[in-house]
Amino acid sequence: MSDKQPTLAEIKERREIATRRIKEDTGIDQDMIKNIVHGFYAKVREDDMLGPVFEEKVENWDTHLDRMVMFWSSVALATGNYDGRPMQKHMPLKITRHHFDRWLQLFAQTLSEYCDEPAAKHFMERALRIASSFEVGIAAHNGVILSKGERYDPVANWTPDQ
């Protein structure tokens with residue numbers, strides 16, 4: 001086994017091969033990603049639980065949607081198009097497991113509208129990992145260390161005595 005680091009050209013080639021395979025296996029392309037992102041956020045903006053969270057933070061929806069298309073392109077197709085730090089943006093939000101559950105529910109609904117099963121499964125596997133990771137990160141940011149399988153719900157164990 002060689003200790004030689006891959007060159008940028010080799011990394012780019014590997015990424016292109018991975019992207020091509022994902023497209024062939026799932027049918028995902030940039031148009032599908034754009035449709036999913038725009039369809040999903042249309043639902044989010046109308047949602048009683050999630051809408052206010054996003055309206056408070058998103059200043060320019062066109063910019064946000066463009067960034068989310070880049071994000072999902074990177075996540076779903078391994079394109080490397082997104083260079084942001086989404087965890088840091090989400091940590092100060094006042095959201096709990098219930099918000100993540102609703103986010104996943106709306107995302108799954110959107111996937112059922114815009115793609116077939118192989119693509120929907122591909123997206124949903126990644127969405128579940130993202131939601132779990134963000135939930136753990138937000139909990140930790142708020143001083144709560146979750147045990148395996150535990151969900152972030154700071155009000156669930158609260159009593160008036162506290």
Side-chain angles (χ1 to χ4, degrees), residues 22-23 25-162:
I22 293 167
K23 286 179 174 184
D25 291 347
T26 65
I28 295 170
D29 62 19
Q30 284 301 126
D31 287 338
M32 181 187 290
I33 292 169
K34 185 175 182 179
N35 289 334
I36 289 168
V37 167
H38 285 255
F40 171 68
Y41 280 102
K43 287 177 177 47
V44 164
R45 292 177 81 175
E46 297 295 321
D47 190 73
D48 291 340
M49 179 185 286
L50 299 179
V53 174
F54 281 87
E55 283 303 324
E56 182 179 323
K57 294 295 180 184
V58 176
E59 294 176 17
N60 182 320
W61 274 98
D62 290 335
T63 300
H64 181 71
L65 292 172
D66 288 346
R67 292 207 36 90
M68 292 302 92
V69 169
M70 285 189 292
F71 173 79
W72 279 103
S73 175
S74 288
V75 169
L77 292 177
T79 61
N81 291 344
Y82 182 80
D83 64 355
R85 301 181 74 134
M87 178 68 81
Q88 290 179 334
K89 296 236 181 224
H90 288 79
M91 286 215 279
L93 300 177
K94 301 293 181 211
I95 56 178
T96 69
R97 65 179 291 253
H98 304 289
H99 293 87
F100 287 106
D101 291 345
R102 183 66 179 149
W103 184 87
L104 289 166
Q105 182 182 34
L106 292 178
F107 196 69
Q109 286 174 8
T110 305
L111 294 176
S112 71
E113 295 167 10
Y114 291 98
C115 52
D116 292 330
E117 186 176 339
K121 286 178 82 170
H122 186 81
F123 277 109
M124 205 63 203
E125 287 169 355
R126 282 142 187 86
L128 288 163
R129 275 187 262 157
I130 291 164
S132 177
S133 174
F134 279 22
E135 188 175 333
V136 168
I138 289 168
H141 178 76
N142 289 290
V144 177
I145 305 302
L146 299 176
S147 300
K148 185 175 176 133
E150 188 177 14
R151 303 287 310 277
Y152 182 56
D153 190 357
V155 178
N157 296 321
W158 180 84
T159 64
D161 301 340
Q162 296 176 324

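- Side chain of Asp47 to backbone of Met49: a donor-acceptor contact under 3.5 angstrom is found.
- What you find for Leu111 and Ala120 is that their closest heavy atoms are CD1-O, 3.6 Å.
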* Asked: Could you walk me through whether His99 and Leu93 pass the side chain to side chain contact (heavy atoms under 4.5 Å, CB included) check?
  -> CA-CA 11 Å; His99 293 87; Leu93 300 177; over 6 Å; no
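- Open room surrounds CG on Asp48; 12 or fewer heavy atoms of other groups in view lie less than 6.0 Å from it.
- A donor-acceptor pair under 3.5 Å is formed between the side chain of Glu150 and the backbone N or O of Ser147.
- Taken to the nearest 0.5 Å, the NE2 atom of His141 stands 9.0 Å off from the OH atom of Tyr152.
- Applying the side chain to side chain donor-acceptor pair (under 3.5 Å) rule to Glu113 yields the partners Lys43; only residues at least two apart in sequence or on another chain are considered.
- Atom CD1 in Ile33 sits 9.5 Å away from atom CH2 in Trp72 (nearest 0.5 Å).
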* Asked: Should Trp61 and Arg45 be marked as a side chain to side chain contact (heavy atoms under 4.5 Å, CB included) after you check the CA-CA gap, both sets of side-chain angles, and the distance that decides it?
  -> CA-CA 10 Å; Trp61 274 98; Arg45 292 177 81 175; 3.1 Å; yes
Which donor-acceptor pairs under 3.5 Å do side chains of residues 83-92 form with protein atoms, sequence neighbours excluded?
{"from": "Arg85", "atom 1": "NE", "to": "Gln88", "atom 2": "OE1", "distance (Å)": "3.3"}
{"from": "His90", "atom 1": "ND1", "to": "Pro86", "atom 2": "O", "distance (Å)": "2.7"}

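- Annotation: ring pair (Phe, Tyr, Trp, His ring centres under 6.0 Å) contacts of His38 (sequence neighbours excluded): none.
- For Asp101, the CG atom is densely surrounded, since the number of other residues' heavy atoms within 6.0 Å is greater than 12.
- For Glu117, there are no side chain to side chain donor-acceptor pair (under 3.5 Å) partners two or more places apart in sequence or in a different chain.
- Expressed to the nearest 0.5 Å, how far CE of Met32 lies from OG1 of Thr26 amounts to 7.0 Å.
- Of the possible donor and acceptor atoms, one in the side chain of Asp29 sits under 3.5 Å from a partner among the backbone N and O of Asp31.
- A salt bridge (Lys or Arg N to Asp or Glu O under 4.0 Å) check over residues 124-145, counting only residues at least two apart or in different chains, returns the pairs Glu135-Arg151.
- Phe54 has its ring centre less than 6.0 Å from the ring centre of Tyr41.
- Atoms CD1 and CD1, from Ile22 and Ile28 in turn, are 7.5 Å apart once rounded to the nearest 0.5 Å.
- Under the 30°/60° scheme for interplanar angles, the aromatic rings of Phe107 and Trp103 are found to lie parallel.
- Using a 4.5 Å heavy-atom cutoff, the side chains of Asp25 and His122 are not in contact.
- With rounding to the nearest 0.5 Å, the separation of CZ in Arg67 from CG in Leu65 is 12.0 Å.
- The backbone N or O of Gln109 lies less than 3.5 Å from a partner atom in the side chain of Ser112, making a donor-acceptor pair.
- Atom-to-atom distance recorded for Phe123:CZ and Ile130:CD1 is 10.5 Å, nearest 0.5 angstrom.
- Taking every heavy atom of both residues into account, Thr110 and Leu106 meet most closely at OG1-O, 2.8 Å.
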When the side chains of residues 75-82 are checked against the rest of the protein, which donor-acceptor pairs come out under 3.5 Å, sequence neighbours left out?
{"from": "Thr79", "atom 1": "OG1", "to": "Ser73", "atom 2": "O", "distance (Å)": "3.3"}
{"from": "Thr79", "atom 1": "OG1", "to": "Ser73", "atom 2": "OG", "distance (Å)": "2.9"}
{"from": "Thr79", "atom 1": "OG1", "to": "Ser74", "atom 2": "N", "distance (Å)": "3.4"}
{"from": "Thr79", "atom 1": "OG1", "to": "Asn81", "atom 2": "N", "distance (Å)": "3.3"}
{"from": "Thr79", "atom 1": "OG1", "to": "Asn81", "atom 2": "ND2", "distance (Å)": "3.2"}
{"from": "Asn81", "atom 1": "ND2", "to": "Ser73", "atom 2": "OG", "distance (Å)": "3.1"}

